[in-house]
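One structure is given here, and the rest of the page talks about it.
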Amino acid sequence: MSGITVRQVAGALGAEISGVDLSGTLSDETVAAIRRAFVEHQVIFFCDQSLTPAQQLAFGRRFGPLNIHPYVAGMDDHPEVMEIIKEPSDKLNFGGGWHSDMSFLETPSIGSILYAVQVPEFGGDTLFASQAAAFEALSPGLRKTLEGLNAIHSAEREYAPTGPSAQKRESMKISDAEGMAGRFTHPMVKVHPETGRKALYVNPAFTMNIEGWSRRESKPLLDYLFQHSKQEAFTCRFSWRPGSIAFWDNRSVWHYALNDYHGQRRHMRRVTVDPLPV
Ligand code: SIN
């Protein structure tokens, strides 16, 4: 009854949704159908949309409260909307490594909604990797071990004064996290609250060590998981056009913004959905 069509795009995750204009007021039925596709497919894509920042905010708010990023300033009049920009002269891009958004917070976000304003003529795709599929592909023994472990997450490396984000500060209003980034503990295996499906919840950008283990002790197991989790069989790839949207589930998906379009401009807007307060 919602009128939307859902087309799966890859084996492990990803679906394209058509038959809906996200700029208007959506019925509860349509939002419920989008939400079902989001939790089932882990990342959903919409094409040929046209959203103002206010319309993107309104769409995002249908799924939960919106996050204000602690280190990346939002738009002046819409602090929840982050502008992700790579200028032609920039060498590095934002999000150019596997990660899940906001795992460095005490209460990580549930999803991110990224809208393409301007895209390069070629390149600039985003990769996604299902951490549920990655978890399910591990041996029963390792799955059981990981289910008993927690890991420490922090923004202290990524947003350090000399960290990877420092070189993007001009284009993106990024501040450094020196002395501000907390360390928060999350289970290494997250149980999805809506589907019950289990997913690995560690990532190379923000996971520092396994709780109770030193960084040196943690590294071999974390490195193994980071290699395992990005295997092609767990991924899908999205090529952007202006007006495209990707909406991914940060509880079970990693993503990676490819940096293969040097000399061209790419401009995206992101809103990030928090869980409902308990
Ligand atoms: C991000 O990590 O949120 C950015 C992804 C992208 O620009 O494709």
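These figures come from a predicted structure and were not determined experimentally. Every number for a ligand or one of its atoms is a count from 1 in the order of the listing. Because only heavy atoms are used, hydrogens play no part in the values below, and waters and symmetry mates are left out as well, while side chains stay in.
Close approach of ligand 1 to L114 is summarised as follows: ligand atoms under 4.0 Å from at least one heavy atom of the residue are 5 (C), 6 (C), 7 (O), 8 (O). In summary, the atoms of ligand 1 found under 4.0 Å from a heavy atom of G95, numbered by their order in the structure, are 2 (O). Distances below 4.0 Å separate heavy atoms of A257 from the following atoms of ligand 1: 5 (C), 6 (C), 7 (O), 8 (O). Shown in contact with R270 at under 4.0 Å from a heavy atom are these atoms of ligand 1, numbered in order with element: 1 (C), 3 (O). The contact set between ligand 1 and H99, taken as ligand atoms under 4.0 Å from a residue heavy atom, comprises 2 (O). Heavy-atom contacts of H255 reach the following atoms of ligand 1: 1 (C), 2 (O), 3 (O) (cutoff under 4.0 Å).
Ring pair Y115/F59: centre-to-centre distance not below 6.0 Å. Taking the six-membered ring wherever Trp is involved, the centroid distance between the rings of H186 and F206 does not fall below 6.0 Å.
Residue contacts with ligand 1: R266 is included, with a non-hydrogen atom under 4.0 Å away.
Protein heavy atom closest to atom 8 (O) of ligand 1, with residue, atom name and distance, is T126 OG1, 2.6 Å. Summary of contacts: the protein heavy atom closest to atom 4 (C) of ligand 1 is I84 CD1, 3.8 Å.
Side chain to side chain, D274 and T107 fail the donor-acceptor criterion of an N or O pair below 3.5 Å.
Shown here for W240 and A246, the closest heavy-atom pair between the two residues is CH2-CB, 3.5 Å.
Between the side chain of R62 and the main chain of V31, no donor-acceptor pair closer than 3.5 Å is present.
Partner F247 forms a ring pair (Phe, Tyr, Trp, His ring centres under 6.0 Å) with one of F238, F128, F45, F63 and no other, that one being F63.
Considering backbone and side-chain N/O atoms, W248 never comes within less than 3.5 Å of an N/O atom of ligand 1.
Y256 does not carry K230 over the face of its six-membered ring by the limits of under 6.0 Å from the centre and within 45° of the normal.
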